[in-house]
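First listed ligand is number 1; within each ligand, the first listed atom is number 1. Values in this document were obtained by computation on a predicted structure and should not be read as measured data.
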Amino acid sequence: MSYKSGFVSIIGRPNVGKSTLMNNIVGEKIAIMSDKPQTTRNTIQAVYTDEEAQIVFLDTPGIHKPKNKLGEMMVKSAEDAFRNVDCIIFVVDDSKKIGKGDSMIIEELRKTKTPVFLVINKIDKLENKEELFELIQMYDEQGVFEEIIPTSALKGSNIDELVSVIKSKLSEGPKYFPDNMITDQPERILVSELIREKILLYTNDEVPHGVAVSIEKMKKRKDRDMIDISAVIYCERDSHKGIIIGKGGRKLKGVGKSAREEIEFLLGSQVNLQLWVKVKENWRNLPNYINDFGLNE
Ligand code: GDP
Ligand code: K
Ligand code: MG
């Protein structure tokens, strides 16, 4: 069976247990992305990896009532984010009624074609099964959720079920992050993996030993919403270099464009991407290089 990967947006009001839930899902295999200030639109929160699949959890801020222009932009970016993920996890707690905040989120979710799962968290706080059935029914009547999964993030109940439901929505894809990788620069690694993926796609695997991508520079401009990235693509032979660049540089241009679009989505910023191709014989055999690239092969 082929490897699966994808992106999941996890949303919900503050305090419903999103962080606890994610910690529970990723557990020991965690590659926690630091709780850094919300500078990007889609913050990578955590990465779950197992033998079958890798799930990248994104935090999507800004699903709220647009009070002003900025608010409208935030909602717009949430919509974009919804469209670009494999599924959305909407987390609520054991509250007996659907509050105003949640109603607004549900109305946003109603508009998206992306599958939405509801997690009813904190079920350990419920008195009996009857209460849970009532909650499930209340949310089911909304007609928005493909499945409803009750959990207790605190006790670790039904987390496996949630993971397998998410997996059912992932398609074939690469392992964006190395196993058990703990890094303070997850975005750098992700960017390099995205570029690598595009090269393989555009060259139809014509480059026999693959390539390594090293991010030489990744810097946000001070004066505007733009990140400059320059990356070196290492291959083993001149002939491979030719294949990657393509006639008149066409292939590399295609790689750059499609990689840039995905990177912009992930970082939530405009990106100026510069790609260079270099020949480095036997890069695979050089342990330092492999470390530098963050590869785990
Ligand atoms: P977030 O704001 O959505 O990320 O919520 P947190 O993960 O920070 O959790 C908010 C509070 O709810 C914390 O005190 C958690 O310990 C608690 N909490 C999270 N999940 C559960 C659960 O399943 N059961 C109970 N009883 N408490 C929970
Ligand atoms: K995918
Ligand atoms: Mg949190």
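The N/O atoms of I123, backbone and side chain alike, include none that comes under 3.5 Å of an N/O atom in ligand 1. Taking distance alone, with nitrogen or oxygen atoms compared against 3.5 Å, L154 approaches ligand 1 more closely than that limit.
The nearest non-hydrogen atom to atom 10 (C) of ligand 1, considering only V16, I10, N15, comes from N15. Remark: among candidates M22, R13, K155, K122, the nearest residue to atom 17 (C) of ligand 1 is K122, based on non-hydrogen atoms.
Not a single donor-acceptor pair under 3.5 Å links the side chain of Q54 to the backbone N or O of S5. Judged by distance alone, the side chain of D94 and the main-chain N or O of K122 form no donor-acceptor pair under 3.5 Å. At least one donor-acceptor pair under 3.5 Å links the side chain of S168 to the backbone N or O of V165. A donor-acceptor pair under 3.5 Å is formed between the side chain of K18 and the backbone N or O of G12.
For ligand 1, the atoms closer than 4.0 angstrom to any heavy atom of D124 are 22 (C), 23 (O), 24 (N), 25 (C), 26 (N). Shown in contact with S152 at under 4.0 Å from a heavy atom are these atoms of ligand 1, numbered in order with element: 23 (O). The K125 neighbourhood of ligand 1 comprises atoms 26 (N), with distances under 4.0 Å to a heavy atom of that residue.
The pair K167-D50 meets the salt-bridge criterion, with a side-chain N (NZ, NE, NH1 or NH2) lying under 4.0 Å from an Asp/Glu carboxylate O.
In T20, the parts holding a heavy atom less than 4.0 Å from any atom of ligand 1 are both the side chain and the backbone.
Surrounding NZ of K96 are more than 12 heavy atoms belonging to other residues, nucleotides or ligands, all under 6.0 Å away.
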